[in-house]
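All remarks here apply to the structure that follows.
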Amino acid sequence: MRIGIVCYPTFGGSGVLATELGKALAQEGHMVHFITYQQPVRLNGFLPNIFYHEVQVPTYPLFDYPPYETALASTMVDVIKNNNLDLLHVHYAIPHASAAYMAKQILKKEGKNIPVITTLHGTDITLVGKDKTYAPVVAFSINQSDAITAVSNNLRDETFKTFHIEKEIEVIYNFVDVQRFTRKPIDAFRKVIAPNGEKILMHASNFRKIKRVQDVVKIFAEVRKEIPAKLLFVGDGPERSTAEDLARELGVCDEIRFVGKQEQMEDILAIADLFLLTSEYESFGLAALEAMAAGVPVISTNAGGLKEIITDGETGYMADVGDVAAMSQNALMILKDDKILKGFKERAAQYAKQYDIGNIIPLYEKLYEKFL
Ligand code: GMT
């Protein structure tokens, strides 16, 4: 098949998922064309069967806001026509689903039918999408898609609650390449972070408000009162300085490393003992799944779709949003006893296998085949 994939090229979960999907499809022999404004971060190195088309958005003195959506729709038309694509798969509804609708209408006039599949990822529905500035366009363009998928049952339900959706939404879970995340820890790296054998806690996100990174710092400060530990913050974003200020206030700043945006998550996760995800909402929590695949148990909130991937008391523990005391207790329960920790690590890795890339890619292929 010749497949167009449209996504955000950044470190966000939807872009990561879309890129990994495209790479896997290319490995299966499909021709995959990425259409976005920048090379996706996980699209590194040369890969046969993968093509990348950058959306150029020319500036003009009249434009205070250059019209990206128009440029994207025009690029979609151009790429679909010149590469004779069979279908377009857009990730994150805003503005990808509406740009795809526009491209579809233009091509229809020229006698070409291009099926559009929209995958909903989370905040495109639950936060940004439902804002009345965007809602009518989001609802309309989702309904105009030939197929809709959501990354969890929770997101599917939230979408039906938020919008009047006239079609079925198929749930296709996020996935992880288990083999890639099964890494031996790099000893030298572990020694740099935790020279005296301290336990390593980790959080990775885009540091937006919804992630509640202050709770991560608070949990870490509680853990530090009882056991020697270090905290690794991976990623960057608007709440980073708030987290840093709080760490200083709580006297744990020297025990925390902010390592910024990282591509090689598998190497970083390999040295971690516990992953913290304190979000107010996660449609799925791909970061938590990657942690589990690397054999790292997860302490998280019970928000959104997290309940669908974390098994309480087996692969980690969940607590209510903001319940720092419970999350700290849960973290200590796992970390205090090496035998208990080992059990959680093994089960996390084992449970992650059901979301292995090899189980999920065929579901997308099956969906695509319906439109050929
Ligand atoms: O979590 C973010 O803020 C990034 C966001 C995105 O769209 O890139 O992630 C969403 O999509 C991921 C992949 O499907 C999910 O695993 C995340 O849970 C979801 N984030 C939220 O729902 C907040």
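Just so you know, ligand 1 is whichever comes first in the structure, and atom 1 is the first atom listed for that ligand.
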For this session: Return the protein residues near ligand 1 (heavy atom under 4.0 Å from any of its atoms), ordered by chain and residue number.
Result: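 Heavy-atom contacts below 4.0 Å: Gly12, Gly13, Ser14, Tyr92, His121, Gly122, Thr123, Val151, Asn174, Asn206, Lys211, Tyr281, Glu282, Ser283, Phe284, Gly285, Leu286.
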
For this session: Return the minimal non-hydrogen interatomic distance between Lys230 and Phe220, and the atom names on each side.
Result: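 For Lys230 and Phe220, the tightest heavy-atom pair comes out as C-CE1, 3.4 Å.
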
Exercise. Hey, does Phe233 have a side-chain heavy atom less than 4.5 Å from the side chain of Val217?
Worked result: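 Result yes, sub-4.5 Å side-chain heavy-atom pair found.
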
Exercise. For Phe140, what are the other residues in its hydrophobic cluster, where any two members join if their side-chain heavy atoms are less than 4.5 angstrom apart?
Worked result: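 Once heavy-atom contacts under 4.5 Å are chained together, Phe140 belongs with Tyr101.
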
For this session: Under 4.5 Å between side-chain heavy atoms, chaining through other members, with only Ile, Leu, Val, Met, Phe, Trp and Tyr counted: pull out the rest of the cluster around Tyr65, sorted by chain and number.
Result: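 Cluster partners of Tyr65: none, it stands alone.
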
Exercise. What about Tyr355 and Tyr173, are their ring centers closer than 6.0 Å?
Worked result: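 So the answer is yes for these two rings.
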
Let me have the donor-acceptor pairs involving side chains of residues 331-344, under 3.5 Å, with sequence neighbours excluded, atom names and distances please.
from	atom 1	to	atom 2	distance (Å)
Lys336	NZ	Glu226	OE1	2.6
Asp337	OD1	Lys339	N	2.8
Asp337	OD1	Ile340	N	3.4
Asp338	OD1	Lys199	NZ	3.1
Lys342	NZ	Glu346	OE2	3.1

